[in-house]
Amino acid sequence: MQLYNKLSAKERETLLEQAGEERLTLSFYQYAKIGNPHLFRNHLFIAWHEQDVLGRIYVAHEGINAQLSVPAKRFKEFKKFLDGIYFLKDVRLNIAIEQDLKSFLKLKVKVRDKIVADGLNDETFDVTNKGIHVDAQKFNELIEDPNVVLVDMRNHYESEIGHFKNAVTPDVDTFRDSLDIIEADLKDHKEDKKLVMYCTGGIRCEKASAYYKHKGFKNVFQLEGGIIEYARQVENLGLENKFIGKNFVFDHRRGERITEDIISHCHQCGEACDEHTNCANEACHLLFIQCKKCAVAMENCCSEECVEIIQLPYEEQKRLRQGIPNSNKIFKKGRSEKLKFKK
């Protein structure tokens, strides 16, 4: 029985183009106690492979975090399958604002220690003891309160291209980095301030809200469904949109435009730009912001050194990559000293 991908991303891309069928990009998460994550992982893979679902899914003892591309014509079948799992019945599905046929090119269901890496080793920490969820309307009201501290729970490369007005945007590379920083900054206001948080789809805020309650914060709130659901509610209800710029997403699109504001700059020339790319040198693969002009001039690379490497024969490039660990362990995203206009 097939429990892994047999097609490469390129082969899958070709098949999707040939089929030309509408697909829905969506995400969901749920914290729940899963006794056997490996068995659950296999159950999901078998079902979703049959339904032609693609995406990146993490399963752990603490729950599931899923980002998916589902054939539109099979959405009801997909939803019925989810509803048949007791802790996923009627789970909120965050449907992408902007759709893309090739947002995901493989089905990857992986078992992890946690569905959100937090660096915490505290057995008394209960992730289900979460903060108060608020919708877009209540969120807009809350963040106008002078007694509120609004915190972006995302990473620097996400908030760089878009964030809520007047939000605290920690200069961090990972979610785990932000937890202690925010607690330290607000340690004197655990009782007298309202802590309001947001992230892409809600999963990081869900864990952060429980963590800060565990740490003694009395008034903790989170934006239900994150920026994705906020944008949808704002449009459907005619509310004031207090988000500016673009929402970073973790698929091939790399972003959904929420407003026309461009608040970031090309990391190479400094021109207004909010388009992320990965360096074309596979041994680097650095995530950074690059405008179209620089993409042409630099051949989609982050540096002259990488431009030189991609000119080499493919086998020589493979040889140079041997023994080099994952690029995220070499470079901080968007932090390379080669980028003149990095944040």
Side-chain angles (χ1 to χ4, degrees), residues 26-41 43-44 56-68 79 81-94 109-136 138-139 142 148-155 170 174-183 186-187 190-191 193-230 233 250:
L26 58 89
S27 61
F28 71 88
Y29 71 89
Q30 186 69 281
Y31 285 99
K33 294 181 179 180
I34 299 177
N36 190 330
H38 291 275
L39 184 63
F40 184 55
R41 177 265 173 204
H43 175 62
L44 294 178
R56 184 188 308 112
I57 301 94
Y58 297 139
V59 175
H61 285 290
E62 68 175 8
I64 179 172
N65 179 16
Q67 299 168 356
L68 306 164
K79 182 66 168 63
F81 171 76
L82 287 186
D83 287 342
I85 300 171
Y86 78 95
F87 62 86
L88 294 180
K89 181 174 174 56
D90 297 325
V91 66
R92 185 191 63 250
L93 300 178
N94 285 329
V109 188
K110 298 184 177 182
V111 175
R112 292 285 179 86
D113 290 335
K114 297 184 179 183
I115 57 174
V116 175
D118 53 28
L120 301 175
N121 294 297
D122 187 344
E123 294 183 0
T124 67
F125 170 49
D126 181 6
V127 73
T128 65
N129 184 25
K130 56 196 177 186
I132 299 171
H133 286 217
V134 295
D135 60 16
K138 180 62 176 178
F139 180 82
L142 266 176
V148 159
V149 178
L150 176 62
V151 179
D152 191 322
M153 292 305 301
R154 302 173 302 154
N155 305 321
T174 66
F175 171 69
R176 71 184 70 181
D177 293 335
S178 65
L179 293 174
D180 290 340
I181 291 174
I182 293 168
E183 184 191 3
L186 301 178
K187 65 179 183 299
K190 291 185 176 182
E191 296 191 12
K193 294 287 187 180
K194 296 176 183 176
L195 175 58
V196 181
M197 296 173 291
Y198 69 90
C199 58
T200 307
I203 187 170
R204 284 175 281 186
C205 289
E206 189 102 347
K207 178 166 282 189
S209 69
Y211 175 74
Y212 289 127
K213 287 183 68 177
H214 174 66
K215 287 293 185 176
F217 286 83
K218 301 302 181 185
N219 300 291
V220 182
F221 302 82
Q222 71 178 86
L223 177 59
E224 172 77 19
I227 301 165
I228 297 173
E229 181 61 20
Y230 176 87
Q233 290 182 20
F250 294 89

Go through the structure and list residues passing side-chain contact (heavy atoms from CB on, under 4.5 Å) with [X], not counting sequence neighbours.
X      : result
Asn94  : Ser27, Arg92, Ile228, Glu229
Ile85  : Phe40, Leu44, Phe81, Phe87, Leu88
Ser209 : Lys130, Met197, Val220, Gln222

Work out which heavy atom in [X] is nearest to a heavy atom in [Y]; give both atom names and the distance.
X      : Y      : answer
Lys215 : Lys190 : O-NZ, 2.8 Å
Ala208 : Leu179 : CB-CD2, 4.2 Å
Asp152 : Pro170 : O-CD, 3.2 Å
Ala210 : Val127 : CB-O, 3.6 Å

Worksheet item: Going by atom types only, do Glu206 and Tyr29 share a side-chain donor-acceptor pair under 3.5 Å?
Response: yes
The ring-ring contact (aromatic ring centres under 6.0 Å, His included) partners of Tyr212 (sequence neighbours excluded) come to Phe217
By salt bridge (charged side-chain N to carboxylate O under 4.0 Å, His left out), Lys213 pairs with (sequence neighbours left out) none
For Arg176, the salt bridge (charged side-chain N to carboxylate O under 4.0 Å, His left out) test, sequence neighbours excluded, returns none
TODO: For Lys138, look at atom NZ and say whether over 12 heavy atoms of other residues, nucleotides or ligands are found less than 6.0 Å away.
DONE: no
| query | Tyr230 and Phe139: aromatic ring centres closer than 6.0 Å? | reply | yes
